[in-house]
Protein chains: 2
Amino acid sequence: MAMSPSSADLKASTAEEEAYLHLQSALRCGRYKPGDRLIPEEIANEIGMSRMPVREAFRRLASDGLVTLRPNRGCVVAGLTVDEIYETFEIRSVLEGLAVRLAMPEMNAETFEELDLLLDRMERSGQSGSSEWVPRHQEFHAYIYRLSGRPKLIRQISALHLVIEPYMRIWFDYVTKPLSARQEHENLIEALKSGDAAHAEEVMREHILGTAPLLTEYASPARR
Amino acid sequence: MAMSPSSADLKASTAEEEAYLHLQSALRCGRYKPGDRLIPEEIANEIGMSRMPVREAFRRLASDGLVTLRPNRGCVVAGLTVDEIYETFEIRSVLEGLAVRLAMPEMNAETFEELDLLLDRMERSGQSGSSEWVPRHQEFHAYIYRLSGRPKLIRQISALHLVIEPYMRIWFDYVTKPLSARQEHENLIEALKSGDAAHAEEVMREHILGTAPLLTEYASPARR
DNA sequence: GTTTGTATAAGTGGATACAAAAATCCAGTG
DNA sequence: CACTGGATTTTTGTATCCACTTATACAAAC
């Protein structure tokens with residue numbers, strides 16, 4: 001009952017930060033389900049603080065799109081409709097497309113080696129049967145868009161990855177592993193190697209938009 | 001000293017909302033300058049409430065990118081460096097490009113008429129010498145990207161417009177009026193009329209990226 | 001048996017109080 | 001005269017309290 005330094009929460013300089021990280025990780029792995037109401041008092045007790053920092057964490061989560069906040073009726077876990085999932089992929093496709101284009105000058109033997117490494121890791125996690133494929137897949141994409149060197153762009157894309165992670169996990173549970181994933185990502189690397197920025201951008205856009213329909217097909221029927 | 005229904009704040013169902021709108025409009029028109037420190041207590045007194053809702057408004061403004069929040073050292077008005085302004089335009093270009101592509105099916109005689117109207121209004125506000133050109137210009141763009149019918153996309157683009165508004169105003173002050181603005185936007189309308197979505201997307205992207213260098217050239221030297 | 005009203009409980013928004021941290025000021029020192 | 005260290009002041013972060021709104025449960029009326 002007494003609060004301990006506790007499991008998942010690493011260094012957080014403020015209570016608000018702690019609450020934010022706690023809730024974020026709980027939402028990412030789907031411990032709270034869309035439509036669930038989050039009651040500040042309960043969560044505050046859970047992590048040993050008062051309601052106030054929790055309230056503030058809610059606001060940050062709301063602007064990440066992870067929860068919905070309505071005056072006088074509290075905080076509910078945001079559920080994406082199929083349309084909203086698809087829209088998120090549309091946005092991701094152009095943002096990550098831009099990132100690829102901007103990252104092109106950074107591509108060299110070293111970065112390609114790293115990409116191969118990340119691709120292998122992704123592949124292995126898929127075989128191991130654990131639910132680690134989704135994070136590994138996100139790391140692969142993250143490595144690329146981080147090479148763009150554009151802080152705001154990176155933050156926006158990361159935020160989108162956060163929002164869709166639970167749905168990616170559900171999807172993964174259905175299909176065990178995206179069958180053509182390795183091929184898809186090898187094509188992507190190929191495009192990066194071509195040195196043609198416009199082409200690589202286009203390939204990334206199609207890669208992302210291509211997976212969207214698969215995902216929405218299996219999307220949880222729960223929504224709002 | 002007692003708080004009245006007061007000037008600029010329209011209907012706000014909560015105090016936090018009121019604080020948010022108040023600060024947002026103050027920031028948009030540049031009443032607070034980049035680097036200024038915002039002290040919750042002062043602002044709270046100014047609009048007749050306690051620090052608490054103001055703090056929460058800060059968080060929303062922070063995720064809009066209008067202010068920066070650091071633990072234990074408060075809230076400062078965000079100043080964009082030239083690089084950050086440019087980056088914002090890069091992001092805008094792909095997002096508004098996407099919006100145009102998605103909006104293509106909505107284009108018809110009626111919408112073109114509306115666009116001409118908005119263009120005229122923009123032109124007139126430029127001649128009148130007031131600082132109304134920037135909002136009118138934003139309305140022109142907003143009309144287009146709203147036709148995309150994608151709520152999340154619309155929200156993201158709006159957020160970007162918010163961030164760059166003060167810089168657009170500064171820019172406008174320097175050049176009185178973007179000389180080729182009318183021509184630029186007429187080209188845009190032309191591309192929309194062509195019916196070729198990919199082409200229209202490209203024109204929008206170039207239109208936005210084209211204005212970025214002009215803007216950064218005149219950007220306030222103040223930054224962080 | 002459904003509707004409507006009302007009492008009660010639960011929860012939210014906001015103000016105030018208090019503690020911890022940072023910034024500021026100022027005297028003393030090298 | 002710049003610099004260091006510490007006391008003072010300011011500001012931030014969190015907890016607690018209260019008022020008001022919304023949800024729930026139960027009862028009376030149609």
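Side-chain atoms are counted along with the backbone in the values below, which use heavy atoms only and exclude waters and symmetry mates. Residue numbering restarts at 1 for every chain, and letters A, B, ... go by the order of the sequence lines. Please read these numbers as outputs of a predicted model, since none were measured by experiment.
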Exercise for review: Check if the side chain of B:Arg55 and the base of C:dG14 share a donor-acceptor pair of N or O atoms closer than 3.5 Å.
Suggested key: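 No, the side chain and the base share no sub-3.5 Å donor-acceptor pair.
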Practice item. Using only heavy-atom distances, decide whether a donor-acceptor pair under 3.5 angstrom links the side-chain of B:Arg73 to the base of D:dG13. Key: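 A donor-acceptor contact between them is absent.
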In whole Å, I'd like the distance from the [atom1] atom of [X] to the [atom2] atom of [N].
X       : N      : atom1 : atom2 : result
A:Arg51 : C:dG11 : CZ    : P     : 10 Å
A:Leu69 : C:dG14 : CG    : P     : 11 Å
A:Glu17 : D:dT12 : CD    : P     : 18 Å
A:Ile47 : D:dT14 : CD1   : C1'   : 13 Å
A:Ile43 : C:dT12 : CD1   : P     : 10 Å
A:Glu18 : D:dT14 : CD    : C1'   : 13 Å

Check your understanding: Which comes earlier along DNA chain D counting from the 5' end, the contact point of B:Arg37 or that of A:Pro53, where each point is its nearest nucleotide?
Key -> B:Arg37
Exercise for review: By nearest nucleotide on DNA chain D, pick out whichever of A:Met52 and A:Asn72 is the more 5' one.
Suggested key: A:Met52
Picking from [options], which would you name as closest to the side chain of [X]?
X       : options                : answer
A:Met49 : D:dT12, D:dA15, C:dT12 : D:dA15
B:Pro40 : C:dG14, D:dT12, C:dT12 : D:dT12
B:Ala15 : C:dG13, D:dA15, C:dG14 : C:dG14

Review point. Between B:Arg59 and B:Glu56, does at least one N-O distance fall below 4.0 Å, as a salt bridge requires?
Key: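 Salt bridge: no.
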Check your understanding: Is B:Arg55 close enough and on-axis enough to B:Phe58, meaning under 6.0 Å and within 45°, for cation-pi?
Key ->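 No cation-pi geometry.
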**Study point:** Check against ring-ring contact (aromatic ring centres under 6.0 Å, His included), B:His137 and B:His161
**Key:** CA-CA 10 Å; B:His137 175 251; B:His161 277 242; 7.5 Å; no
Practice item. Establish, from distance only, whether the side-chain atoms of A:Glu123 and A:His185 form a donor-acceptor pair under 3.5 Å. Key: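 Side chains of A:Glu123 and A:His185: no pair found under 3.5 Å.
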Check your understanding: Which part of the nucleic acid, if any, lies within contact of B:Glu41, taking any heavy atom under 4.0 Å across all strands shown: a base, the sugar-phosphate backbone alone, or nothing?
Key -> nothing
